[in-house]
Amino acid sequence: MPELPEVETVRRGLEPWVAGAVIESATLKRPDLRFPFPKDFVETLEGATITTVGRRAKYLLFRLDTGWTWLSHLGMTGSYRFLGRRYKDPSRYYEPTVDEKHDHAVFRLRHPKEGPLTLIYADSRRFGFMDLFRNEAESPFLAGLGPEPLSNAFNAGEMAARFRGKKAPMKAALLDQRVVAGLGNIYVSEALHRAHILPTRAAGTLVLKSGAPSKRLDLLATGVRAVLEEAIEAGGSTLRDFRDAEGGSGYFQHRFAVYDREGEPCPTPGCRGTIKRIVQSGRATYYCPVCQH
Ligand SMILES: [Zn+2]
């Protein structure tokens, strides 16, 4: 399932190729993914130029010169691939093979420098979806989202204000999208391990009586940022395969410190703990019972 770093990798892979391109046609192979495509989706996209490809939490945001934004969520299995001119023979344009069953949307683009480009969205399990909005505040998906974890708006002070007096376990508190946007199950385990905080600990215990963040909450803010940045960096090396590679999804397998490592030795230097797995609110949590407290 693509988490924030994977979505950011997809964004970085797409942007140089699709920003500046006009959408000549959009073809939907079915009326819905997880939700129906918005009314007038095709009409709104066709003829518009993509100015930038942005991201908010796990949403890709294709900004259009008409003032609309085309929002795309990859769900569990959504992926983009594109095909245009091959590097070996830039004078030729290769028509991509569209799989009628598994490709759900096909966008024919024309880039001022790259020429014709076909962007294909496939999503075998169809948990992804697309939407349109003019104003972020009007998008039901974006309204109410907390700060971006990689922005300055996300910091220990902001977390302390949210966590003060909270009895909810750290794991649940960090998964709350109002606290930090787009942080998923895997990276919550990773960040808590990095900051040596037990996932079952009550969130309010990391806030000082004055309401200021404790030192460990500071460590957590840094930890969240670090695990995401490292994963994005690891994903960057897969970008090479993304362009012009039919079938390349832009996802990558990242090695995690604790996630999915039950029974393995804790990677914290000097720690002799063994990674444990528990289930919190129906989802797996991995942690080290020795160096996390
Ligand atoms: Zn440990």
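We count ligands from 1, going down the list as the structure has it; atoms in each ligand are counted the same way. Along the sequence shown, the residues carry numbers beginning at 1.
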S.K.: Testing Phe133, Tyr121, Phe107 one by one against Trp70 for a ring pair (Phe, Tyr, Trp, His ring centres under 6.0 Å), which residue passes?
M.R.: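 Single pass found, and it is Phe107.
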S.K.: Just to verify, what does Glu136 make a side-chain hydrogen bond (donor to acceptor under 3.5 Å, both in side chains) with, not counting sequence neighbours?
M.R.: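 Scan of Glu136 (side-chain hydrogen bond (donor to acceptor under 3.5 Å, both in side chains), adjacent residues dropped) gives Arg63.
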S.K.: As a test of understanding, state which of Phe35, Phe129, Phe141 forms a ring pair (Phe, Tyr, Trp, His ring centres under 6.0 Å) with His73.
M.R.: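 The residue from Phe35, Phe129, Phe141 that satisfies ring pair (Phe, Tyr, Trp, His ring centres under 6.0 Å) with His73 turns out to be Phe129.
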S.K.: So which protein N/O/S atoms does the Zn ion (ligand 1) have within less than 2.8 Å?
M.R.: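 The answer is Cys266 SG, Cys271 SG, Cys288 SG, Cys291 SG.
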S.K.: Hey, what do you get for CG (Leu109) to CG (Leu119), rounding to the nearest 0.5 Å?
M.R.: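 Leu109 atom CG to Leu119 atom CG measures 5.5 Å (nearest 0.5 Å).
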S.K.: Scan side-chain atoms only and decide if Thr285 and Gln280 contain a donor-acceptor pair under the 3.5 Å cut-off.
M.R.: yes
S.K.: Going by heavy atoms in the side chains, are His104 and Leu33 under 4.5 Å from each other?
M.R.: yes
